[in-house]
Amino acid sequence: MQQEPSKYEPLKIEKKWQTRWEEARAFEPSDDKSLPKKYILSMFPYPSGRIHMGHVRNYTISDAIARHYRQMGYNVLHPMGWDSFGMPAENAAIKHGLHPKKWTYENIDYMRQELASLGLSFSRKREFATSDPLYTKFEQEFIIRMFEEGLLYEKKQRVNWCETCHTVLANEQVIDGRCWRCDNEIALREMPGYYIRITAYAQELLDDLKKLEDGWPKQVVTMQENWIGRSEGLSFRLMLAQQSQAKLGNSFQGFEVFTTRPDTIYGVSYTALAPEHPIVNYLIEHGCLDEAKIAQIKAMQNMPERERATAEKEGVDLEISVINPLTSEEIPVWVANFVLSGYGGGAVMAVPAHDQRDWEFATKYGLPIREVVHAPGSDLEKGAWSGDGVLVASGHYTGMSNREAKDAIIDHFEVLAIGRREINYKLRDWGISRQRYWGAPIPFIHCPACGLVPEAIENLPITLPDDVEITGEGNPLESHPTWKKTACPRCGGDATRETDTMDTFVQSSWYFLRYCTPNDPERPFKREDVDYWMSVDQYVGGIEHAILHLLYARFFTKALRDLGYINVDEPFSNLLTQGMVLKEGAKMSKSKGNTVDPDAIIASYGADTARLFILFAAPPQKELEWNDSAVEGAFKFIRRLVDRSDNVTEKSLPGIDHAALSKEEKTARRKVYEALRKSAEIYENRSFAFNTVIAAAMEALNALNAQKNTLVWSEGYFVLLNILEPVIPHICWELSEKLFELGNFTAITIPQEVFEAESIRLAVTVNGKKRDEIEVSPDLGKEEILSMAKTKCAKWLEDKTLVKEIYVPGKLVNLVVK
RNA sequence: GCGGACGUGGUGAAAUUGGUAUACACGCCAGACUUAGGAUCUGGUGCCGCAAGGCGUGGAGGUUCAAGUCCUCUCGUCCGCACCA
């Protein structure tokens, strides 16, 4: 790579500065809470063993932001830690016989050193791993407090079970019917588990998205909105007809349905139950249906939900009926594979004319399709009309707009007390039980006398036993000879510990709060520290956490607020979702064999080159295509920067008589300050388009190189090293120390004179097409400019009529001809 | 199907938010220095055309003196949700 001797020796320089920063604890924030603060945070990593380019990109972005704000005089908190509980540690144990704790903490040590080699400006005092017992201690305390407040409960429910991970997953962690981590198909299992009542915060989580509209990518806000999935409608009971009640042995009088379209109740032509509905089970168990039907229903029940979603609509007539509360008409009840058991009572009223699913089902089974909302565009031969319209054949609501009718009909149900306005959410409670070893134990005790009892706070943390055998079969805490044996904290009798551990998303839901107080053994964090540092001013991480982590962390923040721990509503004011790092158009992955090893890049080019390439090649939000020769280009730029620093003669920012400068010298100054202006802009508007700042700095260096004035060179380096320090810190500290005694990492005022040119170029366009340019003094009058333009473009005006002349000061002249 | 984002040179990408399209860089071409160059420096490089000139921001319309930018339709790519009644 470098065959010529060069003054630029990245490895030597970088090691030197990393050591000095470390020894000086250069990036610890001040305790002075009167200073203006910035909390800049990247999502903390899982310590998988080695960093990858995605990490490099993530941490380089937030590091640059942190360094910039330090220069601007802010008290900056830029911490780092480890999301260190989780599956891979157990997989390593199974595969290589390593203890998860040893494997995890060794990985942390290695990765810490890898991150240090990137020159990241972390506060080291606040570092922790979520598997540290101290962290577990406070987390268990939160869980117990949530239990006391009814925010956490235990129940038995059908859950998502991953056969590969041998554990339960929350809904958010199932992606296309597969495990988010191992990609295995999930199955359903009836199991007891602990649930956090995130649904109690559904409305606030939805409402507060408004506060995030300016600071978060629109896409993420929309995804969260859809995930929470609020819908407003009517919930009412459909009563079974007399003979049907008798058929069901009088065990059921009716069932509850939820609809967002009460305006279409006059059009209900059948109702449908989920295959899991208790009425369906009763009919099967009591032999009320013939063999063929029972077999069909059983087939539906056995089909996993995921397959049902793509299967053709299918159903069976249950030979019972309910009464339409508005028309008193008898309506048949079917069981249908498209009705979800987990939503709105597991039963729906079907209006084939105005719901596409109901339409398809009705068409297949020859059920009536009755129009009750009429609109010009509607064609019920082709499909359902779910848009707005005017009610027809709807009793005394006929003629009303369907929107008015919706409210009127809800009111009617409420007045008669046969139904009520209801808001439903798609969001489900968050199941946090995992049947794994390497996680935070759920701090509960099962006592034969007292039932479910939380551990006493003074006994926390409940830590994991070290002497376990990890085989991948079953939960090692369950099979441990003594660990789960304990005394009930309430009655003192023999009792058993809960052996489930927590979902690792619990740990990542509050780590940003723990950073506010450096590793306090007494409490999770000091309130005044949280008051000062929160919320996070800039959060940087991958889009893959758009729902999971970001929703849980938002919830946890609100819950801890209501438990009296903090006074924060939203944890992350601004969010930047960085794009993936690609090679050959695909995400880097070991299986594809298209990875680039950060350590190798740093070893051959240095961290500054890696950082420069990553920030220059694309804006941070976009995908980044790895390109070896562009990396080489980044290296060459730094080398040019070093080599040309010989032109600097002054030790500080020199005063320059701008008017006396040559054209090239003025251009150089202008380019330098344009770069500075651009730099300020990208932080202020939070676009973080480092690529444009770097381009501007390159232009400035090119312009400096086109002139010879050493004062202009000196000023140029003073400013350029300031701009580039967040991007390529090592070489900037090296040069700035040598040239300016590090006096240039501070806010620099832009002298406005550099933007005042004595002549400006105006484009001359004819009918909007650029034809020529004129160079004029900036104070020249409109008339003179127009006449110059006309002379210059005489050729284009021949044989034409000039109909309009437009002059945009500082920009252009447009001559309109016919 | 619904929702969101995005389509600009050979490539990664800019464009002061309606005002000179392609800055900066990679690549490529030429030249200089060199035994040599995969080092360095200098210059060139949207497409068609010998030129004058014409054409150009996925495509088609529209608004405007002026459109990559605004509006309508359309095609394509990516992402999310996916029977939520």
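Proteins come first, then strands; the chains are lettered A, B, ... in the order of their sequence lines, and each starts at number 1.
Out of B:C83, B:A23, B:G19, the shortest distance to the side chain of A:K313 is found at B:C83. Taking the side chain of A:N702 as heavy atoms from C-beta on, and the options B:A15, B:A25, B:C26, the nearest nucleotide is B:A25. Candidate nucleotides B:A23, B:C81, B:A25 were compared by shortest atom distance to the side chain of A:M698, and B:A25 ranks first. Of the candidate nucleotides B:G19, B:A23, B:A13, B:G19 has the atom nearest to the side chain of A:V808. Checked against B:G19, B:A85, B:G3, the side chain of A:Y343 finds its nearest nucleotide in B:A85. Proximity note for A:A763 (side chain, C-beta onward) versus B:A85, B:C79, B:U20: the nearest is B:U20. Between B:C26, B:G4, B:A23, one nucleotide has an atom nearer to the side chain of A:A630 than all others, and that is B:C26. If you check B:A15, B:A23, B:G4 against the side chain of A:Q219, the one that comes closest is B:G4. Of the candidates B:G80, B:C65, B:A85, B:C65 carries the atom nearest the A:I806 side chain, counting heavy atoms from C-beta on. Distance from the side chain of A:W796 is smallest for B:G53 among the nucleotides B:G53, B:C24, B:A13.
Sequence order on RNA chain B of the closest nucleotides to A:E625 and A:A695 puts A:E625 first from the 5' end. Where A:E232 and A:F616 meet RNA chain B, the nucleotide closest to each residue was compared, and A:F616 sits on the side nearer the 5' end.
Shortest non-hydrogen contact noted between A:L234 and A:P262 is CB-CG, 3.6 Å.
Taking only side-chain nitrogens and oxygens, A:R639 comes nearer than 4.0 Å to OP1 or OP2 of B:U40. The phosphate of B:A39 has neither OP1 nor OP2 within less than 4.0 Å of any side-chain N or O from A:R640. Neither OP1 nor OP2 of B:A25 sits under 4.0 Å from any side-chain N or O of A:N691. Side-chain N/O atoms of A:T692 include none lying less than 4.0 angstrom from OP1 or OP2 on B:A23. Proximity of A:N627 to the phosphate of B:A13: no side-chain N or O atom is located under 4.0 Å from OP1 or OP2. Considering only side-chain N and O atoms, A:R771 lies nowhere under 4.0 angstrom from the phosphate OP1 or OP2 of B:A52. Taking 4.0 angstrom as the limit, A:K622 places a side-chain polar atom (N or O) nearer than this to OP1 or OP2 of B:A13. Put simply, A:K770 has no side-chain N or O that comes within less than 4.0 Å of OP1 or OP2 on B:U20. Considering only side-chain N and O atoms, A:K811 lies nowhere under 4.0 angstrom from the phosphate OP1 or OP2 of B:A66. A sub-4.0 Å separation between OP1 or OP2 of B:U40 and a side-chain N or O of A:K636 is present.
Per the geometry, CZ belonging to A:R230 stands 12 Å off P belonging to B:A85, to the nearest Å. Atom CZ of A:R761 and atom P of B:A23 are 16 Å apart (whole Å). The CD atom of A:E674 sits 13 Å away from the C1' atom of B:A15 (whole-angstrom rounding). Here the P atom of nucleotide B:A15 and the CD atom of A:E699 are 12 Å apart, to the nearest Å. In this structure, A:L701 atom CG and B:A25 atom C1' are separated by 14 Å, rounded to whole Å. Distance A:L209 CG to B:G80 P: 19 Å, rounded to the nearest Å. Taking atom CD on A:E213 and atom C1' on B:G4, their separation rounds to 14 Å, with Å as the unit. Between the CG atom of A:N767 and the P atom of B:A67 there is a distance of 10 Å, rounded to whole Å.
Within 4.0 Å of A:N705, counting heavy atoms only, lie sugar-phosphate atoms of the nucleic acid but no base atom. When heavy atoms are screened at a 4.0 angstrom cut-off, A:P217 is found touching no nucleic acid atom at all. Using a 4.0 Å heavy-atom criterion, one finds that A:E773 contacts the bases of the nucleic acid, with or without backbone contacts as well. Residue contacts shown for A:V339 include a base, since a base heavy atom lies under 4.0 Å away. Across all strands, A:K769 comes closer than 4.0 Å only to sugar-phosphate atoms, never to a base (heavy-atom distances). Using a 4.0 Å heavy-atom cutoff across all strands shown, A:N424 reaches no nucleic acid atom at all.
Comparing B:A32 with B:C26, their C1' atoms are spaced 23 Å from each other, to the whole Å. One C1' atom belongs to B:U8, the other to B:C47, and the distance between them is 14 Å to the nearest Å. B:C75 sits 7 Å from B:G58 when the C1' atoms are compared, rounded to a whole Å. Only the C1' atoms considered, B:G18 is 12 Å distant from B:U63, to the nearest whole Å. As rounded to the nearest Å, B:G31 and B:U22 have P atoms that lie 28 Å from one another. Rounded to the nearest Å, the gap between the P atom of B:C73 and that of B:C2 is 14 Å. Between the P atoms of B:A15 and B:A52, the separation comes to 32 Å (whole Å). Taking atom C1' on both nucleotides, B:G19 is separated from B:A25 by 27 Å, rounded to a whole Å.
Classification of A:D407 and A:R421 as a salt-bridged pair holds, one side-chain N sitting under 4.0 Å from a carboxylate O. We find that A:K678 and A:E681 are joined by a salt bridge, their nearest charged nitrogen and carboxylate oxygen being less than 4.0 Å apart. Here A:K587 does not pair with A:E544 in a salt bridge; the nearest charged N to carboxylate O distance is not below 4.0 Å.
A:D355 places none of its side-chain heavy atoms less than 4.5 Å from the side chain of A:R261.
A:F690 and A:Y683 have perpendicular rings, their planes meeting at more than 60° on a 0 to 90° scale where under 30° would count as parallel. Between A:F338 and A:F361, the two ring planes are perpendicular [angle over 60°; tilted spans 30° to 60°].
Checked by distance alone, A:N226 brings no side-chain donor or acceptor within 3.5 Å of a matching partner on the base of B:C81.
A donor atom on one side chain and an acceptor atom on the other are found under 3.5 Å apart for A:S235 and A:E256. Side chains of A:S231 and A:Y343: a donor on one and an acceptor on the other come within 3.5 Å. Of the N and O atoms on the side chains of A:Q752 and A:Y673, not one donor lies less than 3.5 Å from an acceptor on the other residue.
Under the 6.0 Å cut-off for aromatic ring centres, A:F505 and A:W430 do not qualify, their centroids lying 6.0 Å or more apart. Aromatic rings from A:F637 and A:F616 are positioned such that their centres are separated by 6.0 Å or more.
Glycosidic torsion of B:U17 falls within 90° of 0, placing the base in syn. A glycosidic torsion no more than 90° from 0 defines the syn conformation, and B:G9 adopts it.
For RNA chain B, the stems formed by at least three consecutive Watson-Crick or G-U pairs, with both atom-pair distances below 3.5 Å, span B:1-7 with B:75-81, B:10-12 with B:24-26, B:27-32 with B:40-45, B:46-48 with B:53-55, B:58-62 with B:70-74.
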